[in-house]
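Take a look at the structure below.
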Amino acid sequence: MANMEALVQRLEKAVLKLETMGSLAGSDGFSDVSSPFVEAFDEILAGPAATYYKLSKELGGDVEKHADMVNEALKFQRGFLVTASQCQQPPQAELTQLLQPLSSKILQIQEFREKNRGSKQFNHLSAISESIPGLGWLAIAPKPAPFVKEMMDAAMFYTNRILKEFKDKDKKHVEWVKAYISFWTDLQAYIKANHTTGLSWNKNGRIASASCSAPVSGGVAPPPPPGPPPPPTVSSPTSEGDSSTSRSALFAELNKGTNITSMLKHVPDSSKTHKNPALRGGGGASVAGPKPFKAASPSVKPAEKKGPPVLELQGKKWVVENQENTSSLVIEDTELKQVVYAYKCAHSTLTVKGKINSITVDNCKKFGLVFDHVVGIVEVINSRDVKIQVLGKVPTVSVNKTDGCHIYLNKDSLSCEVISAKSSEMNILVPGNDDFVECPVPEQFKTVWNGEKLVTTVTEISG
């Protein structure tokens, strides 16, 4: 009896200890005691990230709304780092599911820019939108830091425009740019120091899953599966005041020994499916309720296989294919008889040096093209969000079936002819006073019959 009482006392102490740990960890089961790399990330949040957010609030408007979305994404990232510090790395499919809220937030941030192209703060929105995919470094291996550097470089095009516009007007915008770029710089250094070849996980923890992810603001974790029903004579505690009563009832049940099974109901062999084949064949009692609905499998178009990245000279043609997240593509040693063909490239920038015959951009998105001289034509087809910068001369630029095309001309290429068809969101930028002047290309026309022929004119739309 004395041994039994000592055992009960030890169990009571263990329960009290678990309750104390639970109160420290909170309802989500995660302790507030952070790992070193979580604490290092908190320093970034308290430093440049906080400064960027504060200045965004002061600038107001669309920048403030955008900053709220970025703040939610950073909260998720912090929570995910806590998860990694306490859990093992899950399989790739599970990891993709865990990162889905972050992917959705990044998409929301980018869509906000697209929906507000007429905003006076469009350059600010674009700087954020172009670089925000850098928060996806959590899934990048083995070189997440260079990936973040590329995303930061993508923002520089727009941050430089902000600096040119406001350097002599409003220093607050300049400070905003410095804080935002400082965040990415610090994040890159943080990754090099703590996650050199990829996100660091806790090898001694349990495997990360949706049930063990640290909850963050803006995201709702799926509820855990329901547990088994409580013992018949033990009531669930409803407050801190009756927790000791519940523990006493629990230990009373444990003290029954072998009698604890006396309340279980015996199941005869005739009701066991593994001993009665008739029940397995459907002859037994059927479960009440509707039968499961089996949806017809929709015809799914197989995903198109993407080939390896290519950048090589094939005869007289420079072939640039399947390049992604590469901002340093360069073609040098060109000849007048050569052509360039860029196909299915995304989030990349290509620089063509020297004088070349022609350049074609086909099926690309978020693609930048910088070149010196083209004696023939630059053609953009079936693409989306393409930026072209002319450093020398080009006689003709043709844009077909493309949404979002920005053409930057210099003083030597102002005579360039731009031919467009079935395209939208086009802008031609010409040099002005220390900056470019943006001139939108008309998308809407009016056609009338004047008695002899059709006459087509541009429809001017205010606002």
Side-chain angles (χ1 to χ4, degrees), residues 44-45 47-77 101-136 151-185 187 216-219 347 365-366 368 384-387 403-406 408 424-429 432 435-441 443 461-463:
I44 298 178
L45 295 183
T51 304
Y52 150 75
Y53 187 70
K54 174 179 175 292
L55 291 172
S56 297
K57 290 290 185 181
E58 294 177 3
L59 294 180
D62 293 330
V63 170
E64 180 180 3
K65 297 176 183 176
H66 224 197
D68 288 334
M69 301 177 192
V70 174
N71 187 44
E72 290 299 316
L74 292 177
K75 286 182 179 179
F76 177 89
Q77 184 142 122
L102 179 61
S103 301
S104 300
K105 184 59 64 176
I106 291 175
L107 181 61
Q108 179 188 7
I109 293 170
Q110 292 181 318
E111 288 178 343
F112 184 82
R113 189 273 295 262
E114 297 301 324
K115 294 176 182 178
N116 293 275
R117 283 189 166 270
S119 172
K120 295 181 179 179
Q121 299 172 323
F122 180 72
N123 286 331
H124 299 69
L125 304 184
S126 297
I128 302 297
S129 179
E130 292 294 322
S131 56
I132 201 65
L135 295 184
M151 295 300 100
M152 182 182 72
D153 291 342
M156 298 294 284
F157 176 83
Y158 292 99
T159 54
N160 288 339
R161 299 184 69 180
I162 297 171
L163 294 176
K164 288 182 179 180
E165 180 179 357
F166 292 100
K167 65 180 180 179
D168 297 325
K169 296 180 182 179
D170 190 343
K171 294 298 182 181
K172 189 173 294 184
H173 292 267
V174 177
E175 295 300 321
W176 182 89
V177 169
K178 291 181 179 179
Y180 187 67
I181 296 300
S182 178
F183 163 75
W184 288 110
T185 303
L187 180 61
V216 296
S217 177
H347 300 276
K365 63 179 181 179
K366 292 190 178 297
R384 179 181 177 185
D385 199 359
V386 175
K387 297 179 178 64
D403 295 326
C405 183
H406 303 268
Y408 293 80
S424 63
E425 300 179 30
M426 290 183 54
N427 292 283
I428 299 176
L429 296 95
D435 200 358
F436 284 93
V437 179
E438 189 175 84
C439 306
V441 176
E443 300 179 21
I461 300 179
S462 60

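One-based numbering along the sequence shown.
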Output all residues satisfying salt bridge (Lys or Arg N to Asp or Glu O under 4.0 Å) with Arg384, sequence neighbours left out; order by chain, then residue number.
-> none
Report all side-chain donor-acceptor pairs from residues 163-171 shorter than 3.5 Å, counting only partners two or more places apart or in another chain.
| from | atom 1 | to | atom 2 | distance (Å) |
| --- | --- | --- | --- | --- |
| Asp170 | OD1 | Lys172 | N | 3.0 |
| Lys171 | NZ | Lys167 | O | 2.8 |

Scanning both residues in full, the closest heavy-atom pair of Ala179 with Leu55 reads CB-CD1, 4.4 Å
Residue list, salt bridge (Lys or Arg N to Asp or Glu O under 4.0 Å) with Glu425, at least two apart or on another chain = Arg117
When rounded to the nearest 0.5 angstrom, what is the spacing between CG in Leu102 and CG in Leu74?
-> 9.5 Å
Flag the pair Ile109 / His66 as yes when at least one side-chain heavy-atom distance between them is below 4.5 Å, and no otherwise.
-> yes
Can you name the residues that form a salt bridge (Lys or Arg N to Asp or Glu O under 4.0 Å) with Lys54, not counting sequence neighbours?
-> Glu58
Nearest 0.5 Å, what's the CG-NE2 distance between Asp385 and His347?
-> 9.0 Å
Applying salt bridge (Lys or Arg N to Asp or Glu O under 4.0 Å) to Asp153 and not counting sequence neighbours gives Lys149
Mark yes or no for whether Thr159, through its side chain, and Met156, through its backbone, hold a donor-acceptor pair below 3.5 Å.
-> yes
Atom OG1 in Thr51, atom NZ in Lys178: separation rounded to 0.5 Å?
-> 12.5 Å
Enter the distance from Tyr53:OH to Lys57:NZ here, rounded to the nearest 0.5 Å.
-> 3.5 Å
Between atom NZ of Lys105 and atom CE of Met69, what is the distance when rounded to the nearest 0.5 Å?
-> 7.0 Å
Starting from the C-alpha separation in whole Å, work towards a yes-or-no answer on side chain to side chain contact (heavy atoms under 4.5 Å, CB included) for Leu429 and Glu438.
-> CA-CA 4 Å; Leu429 296 95; Glu438 189 175 84; 4.1 Å; yes
Would you call the rings of Trp176 and Tyr52 parallel, tilted or perpendicular, where under 30° means parallel and over 60° means perpendicular?
-> tilted
Which pairs of donor and acceptor atoms, one on a side chain in residues 121-136, lie under 3.5 Å apart (sequence neighbours left out)?
| from | atom 1 | to | atom 2 | distance (Å) |
| --- | --- | --- | --- | --- |
| Gln121 | OE1 | Asp62 | N | 2.9 |
| Gln121 | OE1 | Val63 | N | 3.0 |
| Gln121 | NE2 | Gly60 | O | 3.3 |
| His124 | NE2 | His173 | ND1 | 3.0 |
| Ser126 | OG | Arg113 | NH1 | 3.0 |
| Ser126 | OG | Phe122 | O | 2.9 |
| Glu130 | OE2 | Arg113 | NH2 | 2.9 |
| Ser131 | OG | Ala127 | O | 2.7 |
| Ser131 | OG | Ile128 | O | 3.3 |
| Ser131 | OG | Tyr180 | OH | 2.5 |

Atom NE2 of His406 and atom CG of Asn427: how far apart are they, to the nearest 0.5 Å?
-> 5.5 Å
